[in-house]
Peer 1: 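Just passing along the structure, written as structure tokens.
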Amino acid sequence: MKRIKTVCPYCGCGCSYFLSVNDGKIAGVSPNKNHIISRGKLCIKGWQSAEFIDRPDRLTTPLIREGEGFREAGWDEALSLIADELSYCREKFGPDSIGIFSSAKCSNEENYLLQKFARAVIYTNNVDHCARLCHASTVAGLARAFGSGAMTNSIPDIAESDIIFIIGSNPGENHPLVASRIIQAVRERGAGIILADPRGIDLMPFVNVHMAQRPGTDVALINAMMHVILEEGLEDREFINSRTEGIEALEEKLKEYTPERAEPVTGVPADDIRKSARLYAGAGNACIIYAMGITQHSTGTDNVLSLANLAMLCGHIGKPGTGVNPLRGQNNVQGACDMGALPDVFPGYQKVDDPGTRKKFEEAWGRRLPETPGMTVIEMMNGVLTNDIRGMYFMGENPAVSDPDISHVIEALKALEFLAVQDIFLSETARFANVVLPAASYAEKMGTFTNTDRRVQVFYPAVEPPGEAKADWKIICEISSRMGYAMKYNSPAEIMEEIASLTPSYGGMSYDRLGPDGLQWPCTGREHPGTPILHTTKFTHGRGKFHAIDYLPPAEEPDEEYPFSLTTGRILFQFHTGTMTRRTPILEREYPEPYVEINPQDAEKLGVRNGWKVGVETRRGRIELNAAFKPEIKQGTIFIPFHFSEAAANRLTNPALDPVAGIPEYKACAAKVVRL
Amino acid sequence: MKIIPENKLADLINKWRSDARHVIGPKNVHGDIVFETLEKDEQPCLDFLNTALPPKEFLFPMRETILNFVPKEDEWTPFTNLNEGNIVLFGIRACDVTGINLFLDQLFLSDPPDPYYGARRKSAAIVVLACEEPDEYCFCPSCNSGPALATGFDLQLIHIGDEYLVQIGSPAGERLLNGLQLETPSMDQVGLKNYVIDECRKKCRKVELEGVEEIIKDLWEDEIWKEVSNYCIRCGGCNFVCPTCYCFDMNDRVVSSGHSQRMRTWDSCLLRGFTRMAGGVISRDDKFTRLRQRFYHKLLFWKEKWGGPHACTGCGRCSRVCPGFIDFGEVVEKIKSRAGHADT
Ligand code: SF4
Ligand code: SF4
Ligand code: SF4
């Protein structure tokens, strides 16, 4: 028996543990008592993370489309075919006819190489990944307010908070080891929790004030909280004067946002807004924790900016137990963003349209690089139907379940002239591909992941990939070489050296320094110890910027025909499109079927009983699934987990986009429920 | 009883290896101590607080394939090689050996015996390393299962100064020392051994379990289960790490047409799906009913069924592993504080 240190492939907490290996086979999981985030604990997904690795239906050889099905092929043939097809698209339709989806499940090194491949080899900035669908608005919003679009504090730090304001996040289900710190703060410091959530969360018993706002009314709610803070003089003037700018416009704006006016919009009693505002502003240390409930809106960037406003107004930032803390959903979604798997930035958020930056990368990579920002995930999909995009390359993404309005996505996938997918299973998306390449899972390769608290950690190979499957970074190198641009790296450590040389915030990272707990960026030099808390003495771009934000209603509001507000999300036991968790018997056994959460009183009006099959319909589609009664969910709101392709919530969701970040509105659309 | 100098331990381990035994021992991997195979020339780390997982996984693996079969044709062949060779579990702790001796053996070796567990158990030699230092959660003395054992091992080592005192607990243990010239300890050394164990015992936390089975009987409807389960985030860890937990799940998977496998994996009664029945009924759907089940099992049901002690060895792992900081000792105290206040 051997134990190989790894990093969990699921959520952004970044738990480390050991994979146990016996005779070259995965024998189980063993917690790591010594690790700063997991501390010998894991959530059920971590405990079960060994199960999907050796499933017999892993992809083991390249596949090439033949008629309706696939035939097995050798690597050489498959790679040459991809290189030829991509070259053909590039010659015939121009480089911007190619779209590339990178992956929040792949390592930093792999994301780095894939965006380099897009930019230097294909000559396009059309590279993006699923962060577009989760935290694009965080990256955009926090960068504007603070100059850095990431969690300001660290996970361990949450245990030092006195008041924890949780908005649009359900840590007990989605970030269990963050929930552990919250519980620790409650137990050890008697910390209080303010919750803003239409649905209620797993940590309900510890919540002091629950504001059940209508989906999509967050700006109105936060503005009203700030109104109270100013009205009662609870703001931190010293902090505002010395560290920020733009308060005047905000103060002016907030005048109209009285709690009484916010009440009919948000559905939250004015008194609860006042209470929450006082608790947050009056706390010694108060932190804000948020996730998709804030970001996945057509006003996602506004929501994020509003939270930044709130934190700066009270000076609750730059100290332990404070901050604005987006919880990132995938184990490496932070890293994929850091590595520039985004259409407008190189690694380290260095802008592609900045000539100086471009010059630096052109010199390093030895190629001329495209100047204008590329298309986002959503724009690329739309671009297929307008013939702007002809060929696509997906590394481990599954838009046929994960993207909004998937009937539209499937139409696009069918219309593509060429699609190559590398993945560990034949996903719903891979079924549409011309070539499918078998990739190694996290347990079969080496690399680094960056978790939600900006912690870069190494994971090690535990077993050999099945059959002929290969690590994604090796696959990218081979295609690139076949397209005339040699990528020669002996190991992921070498790729990290290149990353460090071009990315200031990763400047001090190298495998020999990434010890048991990794290092948190920014880490700018060999001697730099990493940064657990951002913005301690000044903001990344100098002064923090307040933004005066107006409340805008969701793109689609409930009406006579579609009277419910539908919101979607994850549950503890499944993960995203279910490629891994639905192949894990113990996880699948918990919630094997799709369901819609509905308030029992709403259900009664429809004549529906708990467990009955119902139809849920929006302007985009209809699915059938079981009704699950949930007394805590606000009347008029329904919730559907998006993991189940047999009743995919994303047949229903609205692809309306946030104008800044391009993130779709998964968290609010108008729906109706019908009794079958 | 024998004495072995610290620097001679390596000889002992090398000897076992040359007898074609697989030696499993504590090792430092990336700063944490875990049980691993000690490969050629590798030596164990002997100064450690107990591991995150108990060594039960070497007898009852976290996941294993137990059958290969051809679906439909009623044909099956056992998959696991039941003669895996001999292993030495070296340096495992008294509480964990108690888990094996009193609980896993009872369950898996009672009629009808489990062939997989049985085969591994028969071929495993147990070499205990008595603890010198507990951590804040250890309470083995309260469960009569440590820091050292009176019986139930092949060998037991106790660290005294620069030497280890070796107790021989079985003929198999005797054979493990074959061919080594070892001294017999002096009176002083034996005295030192008692002192070392006593010192460790004194440092352990106390969790008084006696009589708790009588109190818990009346608490089925008590609020305590809801209160405590508020902290549970449904990770299942308290089951996985417990040396007296043995539940498993079985599931079949198709490898190719004409070849399926039956897998056995550790299961957890804290999970909702644990009581899922055909048709979708879940008898312990409320979280508190599952947490209650675990404490009733440890403190009452096992005793009712098999007699003997409570199903807890005081290893403290469930407290360490719990992301919600649910502490076994604290819950026991809560239960006891309800004596006489029962609702029913
Ligand atoms: S909390 Fe997140 S990172 Fe930790 S084990 Fe669970 S899914 Fe994995
Ligand atoms: S119940 Fe807890 S303390 Fe007792 S043996 Fe099990 S894990 Fe150890
Ligand atoms: S370890 Fe704690 S959180 Fe996990 S299942 Fe057990 S009681 Fe619940």
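Every chain is numbered from 1, with letters handed out A, B, ... down the list of sequences. No hydrogens, no waters, no symmetry mates; every other heavy atom, side chains included, goes into these values.
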Peer 1: What part of A:Glu51 lies closer than 4.5 angstrom to a heavy atom of chain B: side chain, backbone, both or neither?
Peer 2: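 For A:Glu51, heavy atoms of backbone and side chain both lie under 4.5 Å from chain B.
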
Peer 1: Return the option, out of B:Glu39, B:Glu57, B:Arg63, with the maximum number of heavy-atom pairs under 4.5 Å with chain A.
Peer 2: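 Looking at each option in turn, the highest pair count goes to B:Arg63.
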
Peer 1: Select one option (side chain, backbone, both, neither) describing which atoms of A:Tyr17 are under 4.5 Å from chain B's heavy atoms.
Peer 2: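 Contact with chain B: none, neither part.
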
Peer 1: What residues, two or more places apart in sequence or in another chain, satisfy side chain to side chain contact (heavy atoms under 4.5 Å, CB included) together with B:Val70?
Peer 2: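 Applying side chain to side chain contact (heavy atoms under 4.5 Å, CB included) to B:Val70 gives B:Glu73, B:Glu75.
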
Peer 1: Checking B:Asp96 now: which residues fulfil salt bridge (charged side-chain N to carboxylate O under 4.0 Å, His left out) with it, not counting sequence neighbours?
Peer 2: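 Only B:Arg317 meet the salt bridge (charged side-chain N to carboxylate O under 4.0 Å, His left out) criterion with B:Asp96.
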
Peer 1: Let's test your reading of the structure: which of A:Pro516, A:Pro31, A:Ala50, A:Gly172 forms the most heavy-atom pairs below 4.5 Å with chain B?
Peer 2: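 Of the candidates given, the most pairs with chain B belong to A:Pro31.
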
Peer 1: Select one option (side chain, backbone, both, neither) describing which atoms of B:Asp249 are under 4.5 Å from chain A's heavy atoms.
Peer 2: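 Side chain only.
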
Peer 1: Which bit of A:Asp202 comes within less than 4.5 Å of chain B, counting heavy atoms only: side chain, backbone, both or neither?
Peer 2: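 Only the side chain of A:Asp202 comes within 4.5 Å of chain B.
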
Peer 1: Nearest 0.5 Å, what's the CG-CZ distance between B:Asp32 and A:Phe18?
Peer 2: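 CZ of A:Phe18 is found 4.5 Å from CG of B:Asp32.
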
Peer 1: Given heavy-atom pairs under 4.5 angstrom as the criterion, report whether the side chain, backbone, both or neither of A:Ile182 touches chain B.
Peer 2: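 For A:Ile182, there is no contact with chain B at all, as no heavy atom is under 4.5 Å.
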
Peer 1: Ignoring hydrogens, what is the shortest heavy-atom contact between A:Lys2 and B:Thr37? Give both atom names and the distance.
Peer 2: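 In terms of heavy atoms, the two residues are closest at NZ-O, 3.3 Å.
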
Peer 1: Does A:Glu72, at its CD atom, have more than 12 non-hydrogen atoms belonging to other residues, nucleotides or ligands within less than 6.0 Å?
Peer 2: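 Counting neighbours around CD of A:Glu72, 12 or fewer heavy atoms of other residues, nucleotides or ligands fall under 6.0 Å, so no.
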
Peer 1: Could you name the residues of residues 35-45 of chain A that have a heavy atom within less than 4.5 Å of a heavy atom in chain B?
Peer 2: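 Interface residues of residues 35-45 of chain A: A:Arg39, A:Gly40, A:Lys41, A:Leu42, A:Cys43, A:Ile44.
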
Peer 1: Between A:Gln48 and chain B, which part of the residue has a heavy atom less than 4.5 Å away: side chain, backbone, both or neither?
Peer 2: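 When you check distances to chain B, only side chain atoms of A:Gln48 fall under 4.5 Å.
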
Peer 1: Check B:Phe325 against A:Arg187 and note the closest heavy-atom contact, atom names and distance.
Peer 2: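 Heavy atoms only, the tightest pair is O-NH1, 2.9 Å.
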
Peer 1: Heavy-atom count around B:Asn28 CG within 6.0 Å, excluding the residue itself: above 12?
Peer 2: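 Result for CG/B:Asn28: enclosed.
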
Peer 1: Can you establish whether the number of heavy atoms outside A:Asp512 located under 6.0 Å from its atom CG is more than 12?
Peer 2: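 Enclosed: over 12 neighbouring heavy atoms sit under 6.0 Å from CG of A:Asp512.
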
Peer 1: CD1/A:Ile183 to OH/B:Tyr231 distance, rounded to the nearest 0.5 angstrom?
Peer 2: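 One gets 8.0 Å once the value is rounded to the nearest 0.5 Å.
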
Peer 1: Of the backbone (N, CA, C, O) and the side chain (C-beta and beyond), which part of A:Arg55 lies under 4.5 Å from a heavy atom of chain B, both, or neither?
Peer 2: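 For A:Arg55, backbone and side chain are both near chain B.
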
Peer 1: Of the listed residues (A:Asn32, A:Ile4, A:Val186), which shares the most heavy-atom pairs with chain B below a 4.5 Å separation?
Peer 2: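 When all of A:Asn32, A:Ile4, A:Val186 are compared, A:Asn32 has the most.
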
Peer 1: Tell me, for B:Arg253 versus chain A, whether the close heavy atoms (under 4.5 Å) come from the side chain, the backbone, both or neither.
Peer 2: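 Only the side chain of B:Arg253 comes within 4.5 Å of chain A.
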
Peer 1: How many angstroms lie between OG in B:Ser256 and CG in A:Asp57, if you round to the nearest 0.5 Å?
Peer 2: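 So the OG of B:Ser256 and the CG of A:Asp57 are separated by 12.5 Å.
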
Peer 1: How far does CG of A:Asp54 sit from OG1 of B:Thr65, to the nearest 0.5 angstrom?
Peer 2: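 Here the interatomic distance stands at 7.5 Å.
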
Peer 1: Side-chain contact test, heavy atoms from C-beta onward, threshold under 4.5 Å: evaluate it for B:Phe35 versus A:Ser30 and give yes or no.
Peer 2: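 Sidechains of A:Ser30 and B:Phe35: no contact.
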
Peer 1: Top residue by heavy-atom pair count (under 4.5 Å) with chain B, among A:Pro592, A:Gly611, A:Gly515?
Peer 2: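 Greatest number of close heavy-atom pairs with chain B: A:Pro592.
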
Peer 1: I need the residue from A:Val29, A:Leu203, A:Leu587 with the largest number of non-hydrogen atom pairs under 4.5 Å to chain B.
Peer 2: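 Between A:Val29, A:Leu203, A:Leu587, the count favours A:Val29.
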
Peer 1: Can you give me the closest heavy-atom contact between B:Arg272 and A:Tyr591, atom names plus distance?
Peer 2: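 Residues B:Arg272 and A:Tyr591, closest heavy atoms: NH1-CE2, 3.3 Å.
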
Peer 1: Among pairs that include at least one residue of residues 318-327 of chain B, which meet salt bridge (Lys or Arg N to Asp or Glu O under 4.0 Å), considering only residues two or more places apart or in two chains?
Peer 2: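 Sorted pair list: B:Asp135-B:Arg320, B:Arg205-B:Asp327.
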
Peer 1: Rounded to the nearest 0.5 Å, what separation is found between the CG atom of B:Leu271 and the CD1 atom of A:Ile586?
Peer 2: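 Spacing of CG (B:Leu271) from CD1 (A:Ile586) equals 6.5 Å.
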
Peer 1: Given heavy-atom pairs under 4.5 angstrom as the criterion, report whether the side chain, backbone, both or neither of A:Asn626 touches chain B.
Peer 2: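 Neither the backbone nor the side chain of A:Asn626 comes within 4.5 Å of chain B.
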
Peer 1: Report which part of B:Asn50 has an atom under 4.5 Å of a heavy atom belonging to chain A: side chain, backbone, both, or neither.
Peer 2: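 Answer is backbone: N, CA, C or O of B:Asn50 sit under 4.5 Å from chain A.
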
Peer 1: Give a yes or no answer on whether the side chain of B:Asn251 reaches the backbone of A:Pro585 with a donor-acceptor pair at less than 3.5 Å.
Peer 2: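 No, B:Asn251 side chain to A:Pro585 backbone: no donor-acceptor pair under 3.5 Å.
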
Peer 1: Under 4.5 Å from any heavy atom of chain A, what part of B:Thr265 do you find: side chain, backbone, both or neither?
Peer 2: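 Interface part for B:Thr265: side chain.
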
Peer 1: Would A:Glu590 and B:Arg290 count as a salt bridge (charged side-chain N to carboxylate O under 4.0 Å, His left out) if you check the C-alpha gap in whole Å, the side-chain angles of each, and the deciding distance to 0.1 Å?
Peer 2: CA-CA 14 Å; A:Glu590 289 293 291; B:Arg290 308 197 289 268; 5.4 Å; no

Peer 1: Out of curiosity, B:Met62 CE to A:Asn22 CG, how far, rounded to the nearest 0.5 Å?
Peer 2: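 Separation between the atoms: 13.0 Å.
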
Peer 1: Please determine whether side-chain contact (heavy atoms from CB on, under 4.5 Å) holds for the pair A:Trp47 and B:Val321, giving the CA-CA distance in whole Å, both sets of side-chain angles, and the decisive distance to 0.1 Å.
Peer 2: CA-CA 11 Å; A:Trp47 276 108; B:Val321 83; 3.9 Å; yes

Peer 1: Specify the closest pair of heavy atoms between B:His30 and A:Asn34, including all atoms of both residues, with the distance to one decimal.
Peer 2: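 So the two residues come closest at O-ND2, 3.7 Å.
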
Peer 1: Between B:Asn230 (side chain) and A:Pro205 (backbone), is there a donor-acceptor pair under 3.5 Å?
Peer 2: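 No, the answer is negative, given that no donor and acceptor are paired below the 3.5 Å cut-off.
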
Peer 1: For B:Leu49 versus A:Lys33, what's the shortest heavy-atom pair and its separation?
Peer 2: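 That closest heavy-atom pairing would be O-NZ, 4.0 Å.
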
Peer 1: Nearest heavy-atom pair of A:Arg589 and B:Arg276: which atoms, and what distance?
Peer 2: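 Answer, listing the atom of A:Arg589 first, then B:Arg276: O-NE, 2.7 Å.
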
Peer 1: Salt bridge check, A:Glu173 against B:Arg234: does any charged N sit closer than 4.0 Å to a carboxylate O?
Peer 2: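 Looking at A:Glu173 together with B:Arg234, the answer is yes, because their closest N to O distance falls below 4.0 Å.
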
